[in-house]
Amino acid sequence: MEHHIQDDVNVLIKRRFEEYEELLKKGVQPFKYSFDVNSDSADIIANFKDEEEKREVSVAGRIMTMRRMGKASFAHIQDGRGKIQIYLRQDEIGEEYENFRLYDIGDIIGVEGYVFRTKTGEVSVHARKLTLLTKSLKPLPVPKEVVDENGNKVVFDQFADKELRYRQRYLDLILNPSVRDVFVLRSKIISSMRRFLDQSGILEVETPVLQPIYGGASARPFVTHHNALDIPLYLRIADELYLKRPIVGGFPGVYEISKDFRNEGMDKTHNPEFTMMECYVAYKDYEWMMNFVEEMVGFIVKEVFGTYEFEIEGNMINFKGPWQRISMIEELNRLAETDILKLSDKELIDVVKKFGVEYDGKKSRGKLIDEFFELTVQNKIVQPTFVIDYPVEMSPLAKKHREKAGIVERFEGFVIGREICNAFSELNDPIDQNERFQEQAKAKEMGDDEAQIVDDDFVRALEYGMPPTAGLGIGIDRLVMLLTNQPSIRDVILFPTMKPIKQ
RNA sequence: GCACCCUUAGCUCAGCAGGUAGAGCAUCUGACUCUUAAUCAGCAGGUCGCCGGUUCGAAUCCGGCAGGGUGCACCA
């Protein structure tokens with residue numbers, strides 16, 4: 001659909017277009033090509049000293065407020081690190097002051113001048129030269145800020161409409177500075193994780209997003225079609241089956257940070273595309289991996305936040321290892337006062353019902369134990385904790401415990417009741433793996449559309465022999481949510497999936 | 001997928017015993033060379049999400065649709 005901004009009926013937009021045309025008429029190019037900056041808002045404010053000589057600076061940013069008083073004006077511009085006030089006088093910048101009458105909130109300008117402190121105490125830039133860099137043709141929904149008598153910042157007309165914030169994230173980033181902070185932290189968390197993995201000698205690899213056979217998790221996939229080959233291709237739901245192949249091929253350790261796609265419901269903790277880190281290390285088991293996760297999370301937290309201990313949701317959380325380790329099955333047996341693995345289905349149902357699990361007549365044993373665990377143990381976890389000893393019913397992909405019957409070598413890490421990782425001693429017995437695939441195939445025939453597809457090449461790879469391997473998955477979005485205190489996954493994804501608006 | 005709630009000026013919101021739309025800010029005109037929600041004076045701005053129904057009359061009541069939010073279900 002063709003859209004011409006000058007056809008917009010809104011008076012504010014019309015007005016801006018008129019300003020744009022008038023500037024053109026006066027020979028002002030409203031969209032410049034570059035501008036040299038030698039400072040920014042945070043730098044100017046941090047390094048200002050009253051007694052020192054006037055410091056000449058060149059800064060650029062978006063006009064956020066304007067206070068015009070005839071022949072002098074104040075404005076705030078916002079750059080990548082904050083805001084700085086600009087002071088303009090007609091007698092000093094002459095003709096450019098006339099042009100400034102055609103500038104608006106939202107325009108991006110370059111300012112050259114010297115730093116000073118105003119009568120009211122604000123460090124500002126006294127402009128000697130003003131340059132329009134980009135004319136903004138749409139009005140910005142700018143909030144008003146004021147500091148009340150108690151020193152608290154009060155925001156009026158905040159840009160708070162969640163739909164608009166997600167659909168037009170660029171506005172959210174301009175208008176809500178805390179949003180920018182979250183995405184800076186997200187980037188730091190990921191780069192810190194990558195640094196840790198690289199330093200550990202684990203190789204970053206890339207595996208296909210488009211896959212003829214999807215696998216590695218129980219989930220429904222997105223399907224697409226390749227025209228030249230005339231075949232369906234699936235967007236990956238997990239990296240697991242591909243990442244284990246290079247381990248078979250001889251790499252001692254591989255990892256990938258990538259988007260996975262699952263064609264399922266959306267809510268506070270689920271977006272159809274999300275970022276996952278998966279890591280596989282040869283000759284290691286889940287015990288080793290627990291230590292590795294402790295170190296990695298500690299490393300990230302220390303690097304990004306400068307401390308191991310900080311507050312999340314009102315709790316002081318200490319990420320310095322070693323983390324507490326608890327046995328799921330021991331905790332549940334203690335609560336149930338019996339060995340739940342030895343109970344019949346009916347006995348198990350009766351026990352978990354006493355702890356508040358609702359039974360609708362069709363939950364599997366694994367699901368019942370999982371809910372029992374969530375209600376009684378998981379929700380009470382505050383400090384970083386590893387839960388180990390999962391029943392085999394709940395973990396079809398993990399290797400059976402070397403000693404304990406009915407248990408697999410698996411752990412999950414929790415903080416404040418929230419899962420932050422999932423890891424196994426990986427199943428590397430091709431016969432066992434093939435049997436589990438065949439069971440999934442049967443479930444698929446029975447109508448379970450989340451059952452996994454048989455991947456013969458993966459089984460073949462295991463038949464050549466995969467060394468003992470520890471595997472780990474960390475949902476990056478959820479880790480970022482936890483560490484940045486964000487309530488919804490949409491607050492840590494720049495462009496969360498949204499339904500398009502029908503015309 | 002199910003339930004509940006929301007959608008009024010550019011922004012934030014009021015108006016709902018049904019009587020023909022209102023505030024603050026932003027915009028526009030004018031004044032103002034240290035302001036900071038700048039101030040002062042004046043002007044203007046709306047198919048009340050969309051479609052239909054009830055009614056003499058609907059922003060307001062009813063139904064449907066669209067988009068969004070929250071909770072539940074599904075799912076790591």
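These figures come from a predicted structure and were not determined experimentally. First the proteins, then the strands, lettered A, B, ... as listed; each starts at 1.
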Would you please classify the geometry between the Trp323(A) ring and the Phe386(A) ring as parallel, tilted or perpendicular, with 30° and 60° separating the classes? parallel
Measure the acute angle between the ring planes of Phe100(A) and Tyr103(A), then classify it against the limits of 30° and 60° as parallel, tilted or perpendicular. perpendicular
Could you go through the ring-ring contact (aromatic ring centres under 6.0 Å, His included) check for Phe414(A) and Phe373(A) one step at a time? CA-CA 12 Å; Phe414(A) 293 91; Phe373(A) 168 71; 5.8 Å; yes
Check whether the side chain of Asp267(A) and the base of C74(B) form a donor-acceptor pair under 3.5 Å. yes
Which value, in whole Å, describes the distance between the P atoms of nucleotides G18(B) and C13(B)? 26 Å
In whole angstroms, the gap separating P of A26(B) from CG of Leu171(A) amounts to 19 Å
Among the nucleotides G68(B), U33(B), U35(B), which one has an atom lying closest to any side-chain atom of Lys71(A)? U33(B)
Within less than 4.0 Å of OP1 or OP2 of A38(B), is there a side-chain N or O belonging to Arg67(A)? yes
Arg15(A), nearest nucleotide to its side chain (from C28(B), A38(B), U70(B)): C28(B)
Could you work out which one of G71(B), U35(B), U33(B) sits closest to the side chain of Lys268(A)? G71(B)
Output yes when at least one side-chain N/O atom of Arg117(A) is less than 4.0 Å from OP1 or OP2 of C34(B), else no. no
Between the base of U33(B) and the side chain of Arg89(A), is there any donor-acceptor pair under 3.5 Å? yes
Please confirm whether any donor atom in the side chain of Gln85(A) sits under 3.5 Å from an acceptor in the base of U35(B), or the reverse. yes
Closest listed nucleotide, where the reference is the side chain of Arg167(A) and the choices are U35(B), G68(B), U33(B): G68(B)
Dot-bracket for RNA chain B: what is it, with Watson-Crick or G-U pairs under 3.5 Å, [ ] where a pair crosses earlier ones, and | for a pair to another strand? (((((((..((((.....[..))))..((((.......))))......(((((..]....))))))))))))....
